[in-house]
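Each chain gets a letter, A, B and so on, in the order the sequences are listed, and its residues count up from 1. Keep in mind that the numbers below use all heavy atoms, side chains included, and drop hydrogens, waters and symmetry copies.
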Amino acid sequence: MAAGPPTVFGHPTEQLADLYSSCPSRHDLVTQLLALFGQNNHLSCPRVFLYGPTGSGKSHVISSILNTLKLPHALVNCVECYTSRLLYDHILNQVALVTPAPDNDYTNYSRCDNMNDFVKTLRTIIEDRELQEETMYIVLDKAERLREMDMNILPAFLRLGELTGCNVCVVLLTEIVWEKFRAGTGMCEPLVLHFPDYTKDELLEILSSDCPTGYTKDFYMSYVNIVLSVFYMACRNLNEIRHLALLNFPKFCEPIKKGEATEEDVHKLWRNIEPHLRKALQTVYLREVSSAQWERMQEGAATQESSSANIKTLTGKVNMELPFYSKFLLIAAYLASYNPARTDRRFFLKHAGKMKKTVQQMKRDERASSQLLGPKPFPLDRLMAIFYSIVEGKVAPTANIYSQISSLVTLRLMTQVGSDDQLDGAKFKCTVGLDFMRSIARTVNFDIIRYLYDFV
Amino acid sequence: MSTSGSVSKACFVFKPKAGKRKKKLNPADYFVDESGARTEATRARCETYQILWEDMNKDIEALQTDIHKKVFDDLVGYVGSTHPGFCLGEEIQHKVSSNEIPTAALVTGVNMPDHGMIFSNLTSLLQDNITPYVARLQAKDCSAMKNIMSKVIMQFMDNKELLDDDDDEVQVKRISPTMPVLCGWYADSVKRSQSPNKSPSKKRKTSYGQYPPLVIVMEDLEGFPAQVLQDFIIICSQYLSRLPLVLVFGIATTVTAVHTLLPHSVSSLLCMEKFQAQPSTEYLSQVINKTLLSTKYPFKLGHRVFQLLLDIFLYHDFSVVNFIRGLQFAMLEHFFNDLGMLCCGVKLRTSRIRAMDHRELEAIRKTSSFRRYVELQKPQEQRDLLLNDKLTKDVFISLLKDLDSYHTMCYPILHCLHALTCGLPRHPLGKQLRELYSLVLESNVWETQGYKDAFNLLRLMARDDLVSVLGQCVEKLEGWTESDVSDVIMEVQTYMAQLDSLGDGSQEEQEEPEERPKERLSKTTKLHDLQNRLRESAKQKKKLTKYEVLRNKILDYLDEIFRTHLPSPTTLPLHEVYYYRVSTLRRHMNAAPRAAIQTALSNPYYYLQDETLKSEDGTIPNTAPDVCIAYKLHLECGRLINLYDWLQAFVMLVHSGEENDGAGTSKQNKVDEVLQARFIRAVSELQFLGFIKPTKRKTDHVARLTWGGC
Ligand SMILES: Nc1ncnc2c1ncn2[C@@H]1O[C@H](COP(=O)(O)OP(=O)(O)OP(=O)(O)O)[C@@H](O)[C@H]1O
Ligand SMILES: [Mg+2]
């Protein structure tokens, strides 16, 4: 265990040891932060800004420090605070050690509607708890959300120490750089610390602490090494790799359980696990299967070799069934989205002659293939006109047809753009991709490519 | 209609008369005879209907829970198995190895009208087995974070269990909906359910675990605003160490919908397991089997009605709920009719026939199938059937008995024919039983081309295949409990035994043994090839093997069976008593509001039935309602309509009649104020109906919203 540096800032040594061991690969940053915070009664750096990619351990490091060293703090995730009132409530409750419970009728510490009240109340609480001497840490996770709240909130939090006159340290955690927070005036510059992505070795070190009981650490390390060798190129996110490692470990151990190999037969184990990891690279990344289901799939794959089909059904690539007219409505919507309206006449009139593109048109199309530009909005009338010309047989414009359009909208296969008013010429867009559309069209024997301007 | 001449009746305010309270009608009040009176007969019909429908509905409801049983059991098991090591308590710092929320993705299919039922079944199942805490969310209630949070917390804390156990109600309304509140509440309710001094409540059927999970069901995931859903999931994952949350996503399309809604950073907070609900087509088949293909219920659908309901299902919504509603509606309509009287059990039916008076008998005599039947009798009998009431009653009773026995044999044999033919290439008689049933309803099935094709194919079948389809037939017949089909079973089994005893050598006994293997009928064989081969074999006229002889014998026997037991019900006398065949159902089930409005506006006579409105050449008489005239005129305009021109034309048209009467034409340039008011009203009615709207592009113009001219 790498012991921390000699500076201890009055923290008990065993707490520090705990802290360092819970944050492998982040010792430098922990040390740096401890230095910034100083001793409890020191006036610490009033605002700290920590940023780094997701999974780089920002929340983990900060909460480890605060919890292990038992520092007074409030830790708030700004996603939860969709109004500023909630933000105040959360912070004040935590500072005042109030938790909503039946005993207090689930009420908050106090009612607080604006920044002014908040600052005042915060000061009162700190005085009540007799914490004037200690630093109070207020951590705002996902701080980028603060920018969307009232204008005054971010500047005020950055000056919270000044405003309350207490020893308060505000820590902001976010994934984006500080420059993106600067807006308006009155922003105090915080101290910025960067959490870089973990390197391969650091990842190895962190993951090795997951070692399940019953296996030696070296053995698990060698396993993690294999996992990293497969996935490191595709993904460096700690959470994801940890997920994958845990998911596939039972498979890795299988030969040992069966007695076909020992922990030393690294090569044999590697040959056994590698194809499964490759497969996992395609599917599990989507988190469409739970670990239990994944195991079951692996077992199924072992028994019957047609494993790819098996996985396919589980990852939801099976065709979706739609009612007959819904399919045609969707096809019509797709055509309306991806064909210019001026070409409708040529596609859907009986005797329109063969479509030819002029050189000029071709040039223009090269610049802007609508497959690349994405769907364009179209009015309902156009959709219905195309629908009637492609659907076979006579279809009455019944209420059922119209309700299918709104069904398609609720299913997000189409979206409504522009006004919400149906009368006021609502417009729609088709949101499905060409592959999906082709498979739908195939089920009704409709050759959609022939009707697409891009493919003429 | 006589009181107010204009269609804009809806605009007038009719104040309710003080004394006359609108009294609530119950279904029985709708059952009246032609004169609008409620008689003994109408009451009887209503009662029969109600009893029949209740029985049928009970069966359908039982099906509902059955059909999803497997997937629900899996799902409930999954929800029960999540959070195995969960505990509260401060001393044990419970370390969650991951912050992934266990999530069950239930793929429900696109039959949205049925989803409400699926989720209420699921909810009650969860509440019975796993946890009292289930919150149901629908996209329409969750447009913002605030709504979704308060919906969740309200449903959890408002929980029946909580309110029943507790004397002082928790005032959920005042509480701010935040996760810490939920944590406090959960810790408290766990503690309360554990406290030993509390006597175990009797109501609780099963004891839940120590920490029952909190299940949040999102019924229509696709409809949720992406941002709200993402934030909600992030928040939930933050509290996993204190709340055993489980999400259930109801997904109508495919699981990929989750990824279109959630970025990877959020979807990695989920640990999903997928569950596939039964497709609604499966459910539909079972409903049809249980209700229509059963001798338990006398009520049947005629071919056109059945096909209509099927079409609505397949072409429009995949909704079984709607199908059932259609069925109920058809039934209701059937019992409005005099014939519905006899659509009931044998005993009741016989006594009702006995009690019939002459007028009622006449109504039945008029049915076309009965008249056809009479025409086939000898002259003397014909006269009796038409004049002798007593004799007619006897004939009715025996004819309806015949119909009953037709049904008892028809359904098992239908299943048998389906088992025989559903595996044939190209499915000449349909892949689904319902398709075959629809054929049978329409006409005598053996007269259809499909039946002939099917038998041609069967006559080419190799022995092993034939044995296996015959086995399936027997299985189907043996599974049939409603009536006795043992004769047929026995016969078929005898044939199967004969096939067995032929022995392997039998095929080679005849010449051209090298031809045999080619004759094997594989499922993928093209129909075209088969026909060719058929023709060839017909040409060759070779001597038949023993097997072929036997095969022909078996098929002849089966053909005979089908011909005796599967005639179309339309050929049977008095089938109108059981079969609802009125095609007006289309108007009710598959309404075309726009077409109706257009008809009303362009041809007011159609609805108003006023002789003065009749016009032959499609022109509108000036006596038509104003809105019709205005509508007619606006059809002649382009996308923008000049209001003044429109008014002039309107005035012209309205006056055109008066000119004939010799009224003065001097008012031409100055428009009568009353006329102008009428015009304005007509225009605003058209706006209300959605044909025009004001436009900013040109003042004193309105824009047309519909396409297509007159
Ligand atoms: N150095 C580390 N040692 C041990 N575990 C770590 C370390 N860094 C991160 N983790 C683990 O990785 C997971 C993700 O880390 P964390 O939530 O702190 O990332 P983050 O930077 O806050 O990401 P985000 O920006 O998405 O909030 C946590 O479960 C944490 O326990
Ligand atoms: Mg974080």
Side-chain angles (χ1 to χ4, degrees), chain A residues 54 77 79-80 82-83 85-86 89-90 93 99-103 105-108 142 210 237 239-240 242-243 246 285-293 314-318 320-326 381 385 396-404 407 410-413 422-425 431, chain B residues 97-98 100 102 105 107 109-110 112 139 144-146 170-171 174-176 178-181 183-185 187-188 220 222-223 231 234-235 238 252-260 265 267-268 270-274 279 281 312-318 590-595 690 693 705 707:
Chain A
T54 171
N77 191 329
V79 176
E80 223 177 310
Y82 42 91
T83 63
R85 166 96 182 273
L86 283 173
D89 286 347
H90 277 294
N93 282 344
T99 45
D103 315 334
D105 273 345
Y106 302 105
T107 46
N108 292 311
K142 307 269 181 231
D210 290 344
N237 186 316
N239 281 328
E240 204 60 40
R242 176 178 272 174
H243 173 78
L246 289 177
Y285 200 59
L286 294 173
R287 301 269 177 141
E288 277 177 10
V289 286
S290 70
S291 38
Q293 219 169 6
L314 271 161
T315 47
K317 297 213 170 56
V318 272
M320 180 172 47
E321 261 311 312
L322 281 174
F324 189 72
Y325 289 145
S326 295
D381 285 348
T398 59
N400 275 328
I401 294 279
Y402 288 101
S403 73
Q404 279 179 71
S407 292
T410 30
L411 294 176
R412 301 251 171 154
L413 299 174
Q422 288 289 347
L423 267 188
D424 220 25
T431 57
Chain B
S97 56
S98 67
E100 292 174 16
V107 181
V110 296
M112 267 95 75
M145 267 326 280
K146 196 162 155 243
V170 182
Q171 300 256 305
R174 277 194 303 113
I175 300 168
S176 70
T178 60
M179 279 304 202
V181 169
C183 292
W185 163 80
D188 177 61
D220 42 350
E222 286 95 345
D231 285 358
I234 292 173
I235 294 175
Q238 299 275 319
T253 51
T254 54
V255 182
T256 36
V258 174
H259 299 293
T260 57
S265 62
S267 64
S268 68
L270 302 175
C271 168
M272 273 199 285
E273 191 146 331
K274 187 182 145 187
T281 41
I312 291 179
F313 178 86
L314 290 175
Y315 287 167
H316 291 295
D317 55 12
F318 278 170
N590 201 5
R594 181 157 163 188
K693 68 165 187 180
L705 291 172
W707 36 268

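- Residues B:Thr281 and A:Glu321 have side chains not in contact (no heavy-atom distance under 4.5 Å, counting atoms from C-beta outward).
- Residues passing the side-chain hydrogen bond (donor to acceptor under 3.5 Å, both in side chains) test with A:Asn108, sequence neighbours excluded: A:Asp89, A:Asn93.
- Neither the backbone nor the side chain of B:Asp220 comes within contact range of chain A; no heavy atom of the residue lies under 4.5 Å from a heavy atom of that chain.
- Between the CZ atom in A:Phe324 and the CZ atom in B:Phe318 there is a gap of 10.5 Å [rounded to 0.5 Å].
- Proximity to chain A (any heavy atom under 4.5 Å) is restricted, for B:Thr178, to the side chain, taken from C-beta onward.
- For the atom pair B:Asp317 CG and A:Ser403 OG, the distance stands at 7.0 Å (nearest 0.5 Å).
- The closest side-chain heavy-atom distance from A:Thr99 to B:Cys183 is not below 4.5 Å.
- Looking at B:Ile234, only its side chain comes within 4.5 Å of chain A, counting heavy atoms on both sides.
- Across every non-hydrogen atom of A:Tyr402 and B:Arg594, the tightest pair is OH-NH1, 3.5 Å.
- The contact between B:Met112 and chain A is made entirely by side chain atoms (from C-beta outward), counting heavy-atom distances below 4.5 Å.
- Minimum heavy-atom separation, A:Met320 to B:Ala252: SD-O, 4.4 Å.
- Of all heavy-atom pairs between B:Gly184 and A:Pro102, the closest is O-CD, 4.1 Å.
- Only the side chain of A:Asn77 comes within contact range of chain B, with at least one heavy atom under 4.5 Å from a heavy atom of that chain.
- Considering all non-hydrogen atoms of both residues, A:Arg412 and B:Glu222 come closest at NE-O, 2.6 Å.
- In this structure, A:Thr398 OG1 and B:Asn590 CG are separated by 4.0 Å, a value rounded to the nearest 0.5 Å.
- Contact of A:Gln404 with chain B is made through the side chain alone, with heavy-atom distances under 4.5 Å.
- Using a 4.5 Å cut-off between heavy atoms, A:Thr54 does not touch chain B at all.
- When the candidates A:Asp103, A:Ile401, A:Leu86 are compared by the number of heavy-atom contacts under 4.5 Å with chain B, A:Ile401 comes out ahead.
- Put simply, of A:Leu322, A:Thr83, A:Thr410, the one with the most heavy-atom pairs under 4.5 Å next to chain B is A:Leu322.
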